[in-house]
Amino acid sequence: MTERFDPATADTRWQRVWDERACFTADDASTKPRSYVLEMFPYPSGRIHIGHVRNYTMGDVLARYKRMTGHEVLHPMGWDAFGMPAENAAMEKGVHPGGWTRENIANMKAQLKRLGFALDWSRELATCEPDYYGHEQALFLDLYAAGLVYRKESSVNWDPIDQTVLANEQVIDGRGWRSGALVEKRKLSQWFLKITDFAEELLEGVQGLEHWPDKVKLMQENWIGKSRGLQFRFKPINFFDEIEVYSTRPDTIFGASFVAVAAEHPVAQAVAADSAEAQAFIALCKQGGTTAAELETAEKLGFDTGLKVKHPFTGADLPVWIANFVLMDYGTGAVMGVPGHDQRDFEFSTKYGLPIARVVATDPADAGAPFQGEAEAGDGVLVNSDFLNGQSVTDAKAAVIARAESEGWGEGKTVWRLRDWGVSRQRYWGTPIPFIHCEACGVVPVPKDQLPVVLPEDVDFQTPGNPLVRHATWKYVDCPQCGKPAVRETDTLDTFVDSSWYFLRFASQPADKPFDREAIAKWLPVEQYIGGIEHAILHLLYARFWTRALARIGMIDVKEPFASLFTQGMVTHETYLRIDNANGQPVYFAPTEIERGGESAKLKADGAPVEIGRVIKMSKSKKNVVDPDAIVATYGADAIRWFMLSDSPPERDLPWSEAGIEGCWRFVQRLWRLFAQFDAATTGEDKAIDRKRDQTVAAVAQDIEALSFNKAVARIYELTSAVEKAQPSASRSAAIRTILLLVAPMMPHLAEEAWSTIGDDLVSLAAWPAVDPALLVEDEVTIAVQVKGKLRDTLTVAKGTAKEELEALALASDKVQRALDGAEVRKIIVVPDRLVNLVA
RNA sequence: GCGGGCGUGGCGGAAUGGUAGACGCAGCGGACUUAAAAUCCGCUUGGGGUUCCCAGUGCGGGUUCGAGUCCCGCCGCCCGCACCA
């Protein structure tokens, strides 16, 4: 073996061998236990970033480990290739979105190959190709046939200058990102998927996701948001229509001091018909964007219509307001305002001088207690509420619902926060929605034999808006039903649709249908899915929905796509900056422009110091990005892979550092030197090393299966140090060989290179080392001896030493006697093999 | 605003309610070397009267023989909020 490991030659050599021997191609016909390991596929932005490297390294270690433990592994890769950045590139650089995307894919694929990932490239797919999105169109038509697709009006962000629809991220401080115009809400007829039909199923299904993080399950449950409440009608006093409201807190009905309706509500519209002021207020509500965060942080505004309704119990007059915080989409578009126990209502009432009453108190004696500047939404006992007084919130809810139902003015109702999924996008670079609009026949699905509806290539991006709409020929077709001239739908599908079934297409890729049912039965569900926490709700919920929808219409037999989910943290980096003297703004520098000392940093260009800023998520604007390619070129793939796994727990953020990658590089070389010391001919036994080796193998296996790579890494460091210090023996050589196998999933190139002199064939195809269970058990344990809960001494005893003996040994300790200082021992707590606690 | 999460040495972190700081990074000291790099050895939470003692896991309370871990209330940071992916 050479003196140093040289990744520049070894990396490519082994990558070629793996390719040529198709080591990582999944065999559909295999009889081995199967394991489908999947990382969220990337958007082809042009370059792999460190976050991708982290994501794919984790999946790769698991995939390689699974292969070593006898599994047939499916570990595929593809491209989430539709989306806005391609259109932005087209507008900025004049390139075609398709050309730009495909070039990016080629570059990023080469980058992934340089990292040595054990991927089955034979199943590669890109969602922007007709052989993918054509099948998606077919599935969309199937869902349509099953009644799960419909059209309705819905609000979008409208840029009145560019005359175009804006994505939420294109709205900055209420203005269009390019034009700077104040954004308005505008109604458009759009396509929707009936995800709400699955609300109950999706909610119940969460319970069965045993291997999902609790936090993600909780977020999904809250997002679906099942709530039981009262839907009821307020009788009008000085007008004719009843107002139907929905409340999740009917218990607080005696605290109602007003009724508020959404700007789009029929009552609001009726009032506006002969009130210019009301019209102006409704127009005001149309200003601004459509996001929930924007709506909820906006100042609470209202308009008193002058209408009054009658309180169902007290008979009191309640004023009817139009309010900007009431949503037409949720419940009935009208609410009863209970300022004492709802924060929005509280702010609203404070602003407009409406009464604020207390109807819930922690203690009945506090019925007259004032509010401390905010609403009290918590639990308690009903007060000032007639027949409800003294009841708990839960009981009072039931009581009010029962009364309303028996008196016939309302009924208990389950309402979901989850809304149907709007999939229409007024954009070019996405899957065309396969429908045709005919004046005579209405909305007509494109016949399946005419799929795919292919995106035209000859489009221009000189003007804002969707180029499909202004394309000279593309949208003009004959109606499939009546044959008369008609037009194609020009909306394309949300890219979340593309990512809602790609994991099914990986199992098999027939040309004539989206997937093969048997292949899905074999491979799905994905055994381990890995991706960012930012996808905790939307992508994962949509993928779950899509899978259930396909199961419901009888196309597949699996209901939940991902058996285990892991959400990894971001990769962060220090920032380097100077404050610009002229305008006081920070000027950022890239890590490559910096020379980093122990606690300081200076700019290479002028040698003067720069400030080391906060460690934050890598972003172009802060220039704190590092290029994986440059790291691979300097240190090789294994060092960067090792860095991704070391130190930080995978679910937390990982701070990148030059020093850290240097340390990984040194460890690569340290292992190389250790592997060179392997000698099959050595003899002699070293029990301590044998034990340490087997304990490490067992622990590392456990850690990898739990994706606790940082712990596995620490174990490997410990074993390495122990083996380095040990005298030559057969045990030591066996341990060296074991270390090689343990690091093989993490540093596959180094492992292959060393294995080529130590082992047979390829280490990528080798078996995980076996352990002797007898060696895993320690025969001696260290016991903590505490006095009043404070550590005073430790005892080393045989494992399983009896309670009485431990007590005696503890009392015999000088240190314990000194700590007791003559005090009488009142109680002794003994945890066998753990500790003795003397309570004085 | 709403929902979710996180907070432990100079830094990343470890710790089934049971010896806080494993392991790594940085730093300091030493060995080797003409010298440097590489490598190896040692030290490294703070304070003190340094074989020992005290304090200590964001802040304030609580439960427990015992709390980094469980409960309540704060503070700070991060993620998501339905057209970014």
Where does the angle between the aromatic ring planes of A/F667 and A/W642 fall among parallel (under 30°), tilted (30 to 60°) and perpendicular (over 60°)?
-> parallel
Examine B/rU19: is either OP1 or OP2 under 4.0 Å from a nitrogen or oxygen in the side chain of A/T794? Give yes or no.
-> no
Taking OP1 and OP2 of B/rC2, is either one under 4.0 Å from a side-chain nitrogen or oxygen of A/N222?
-> no
Would you mind telling me which of B/rC83, B/rG13, B/rC40 lies closest to the side-chain atoms of A/R673?
-> B/rC40
Taking only the side-chain nitrogens and oxygens of A/R666, find out if one of them lies under 4.0 Å from OP1 or OP2 of B/rA38.
-> no
Aromatic rings A/Y132 and A/W501: how do their planes relate, parallel, tilted or perpendicular, breaks at 30° and 60°?
-> parallel
Considering only side-chain heavy atoms of A/N837, which listed nucleotide, B/rA85, B/rA20, B/rC65, is closest?
-> B/rC65
Hey, can you tell me if A/F348 and A/F325 have their rings parallel, tilted or perpendicular (30° and 60° cut-offs)?
-> perpendicular
Residues in side-chain contact (heavy atoms from CB on, under 4.5 Å) contact with A/E296, at least two apart in sequence or another chain = A/A292
For the side chain of A/I829, counting heavy atoms from C-beta on, which of B/rG18, B/rC81, B/rC41 is nearest?
-> B/rG18
Taking syn as within 90° of 0 and anti otherwise, name the glycosidic form of B/rU50.
-> syn
Base B/rC83 to side chain A/Q426, donor-acceptor N/O within 3.5 Å cut-off = yes
Does CD in A/E221 sit with more than 12 non-hydrogen atoms of other residues, nucleotides or ligands closer than 6.0 Å?
-> yes
Does B/rG66 have OP1 or OP2 sitting under 4.0 Å from an N or O in the side chain of A/K827?
-> no
Taking everything shown except A/K788 itself, do over 12 heavy atoms lie less than 6.0 Å from its NZ?
-> no
What is the distance from CD1 of A/I172 to P of B/rC84, rounded to the nearest Å?
-> 12 Å
Below 4.0 angstrom from OP1 or OP2 of B/rC83, is there any side-chain N or O of A/R425?
-> yes
From the list B/rC40, B/rG18, B/rA14, which nucleotide is the closest neighbour of the side chain of A/K711?
-> B/rA14
Per-nucleotide protein contact along nucleotides 68-78 of chain B, 5' to 3', at a 4.0 Å heavy-atom cut-off (B base, S sugar-phosphate only, - neither), is ---------SS
Kindly write out the residues that satisfy side chain to side chain donor-acceptor pair (under 3.5 Å) with A/D494, not counting sequence neighbours, or none if the list is empty.
-> A/W421, A/R425
Counting side-chain heavy atoms from C-beta on, which of B/rA14, B/rC65, B/rC83 comes nearest to A/A167?
-> B/rC83
How is A/T297 classified with respect to the nucleic acid when contacts are heavy atoms under 4.0 Å: base, sugar-phosphate, or nothing?
-> base
Scoring nucleotides 46-56 of chain B by protein non-hydrogen atoms under 4.0 Å (B base, S sugar-phosphate only, - none) yields ------SSSS-
Enumerate, in order of first residue number, the stems that involve RNA chain B, defined as 3 or more consecutive Watson-Crick or G-U wobble pairs with both distances under 3.5 Å.
-> B:1-7 with B:75-81, B:10-12 with B:23-25, B:27-31 with B:39-43, B:45-48 with B:52-55, B:58-62 with B:70-74
Rounded distance (Å) that lies between atom C1' of B/rC25 and atom CH2 of A/W656 | 13 Å
Donor on one side chain, acceptor on other, A/D80 and A/S499, under 3.5 Å | no
How far does the P atom of B/rA31 sit from the matching atom of B/rG12, given to the nearest Å?
-> 33 Å
Who pairs with A/R151 by side-chain contact (heavy atoms from CB on, under 4.5 Å), at least two apart in sequence or on another chain?
-> A/S189, A/W191, A/H437, A/V443, A/E489
Out of B/rA82, B/rA20, B/rC23, whichever nucleotide has its closest atom nearest the side chain of A/L791 | B/rA20
Please say whether the positively charged group of A/R4, taken as NZ for Lys or CZ for Arg, lies over the ring of A/W672, i.e. under 6.0 angstrom from the six-membered ring centre and within 45 degrees of the axis.
-> no
Would you mind calling B/rG62 syn or anti? Take O4'-C1'-N9-C4 for purines or O4'-C1'-N1-C2 for pyrimidines, and syn is within 90° of 0.
-> anti
The side chain of A/R427 lies closest to which of these nucleotides: B/rC83, B/rA82, B/rU19?
-> B/rC83
If you check every side-chain atom of A/E169, which of B/rG4, B/rC23, B/rC84 has the closest atom?
-> B/rC84
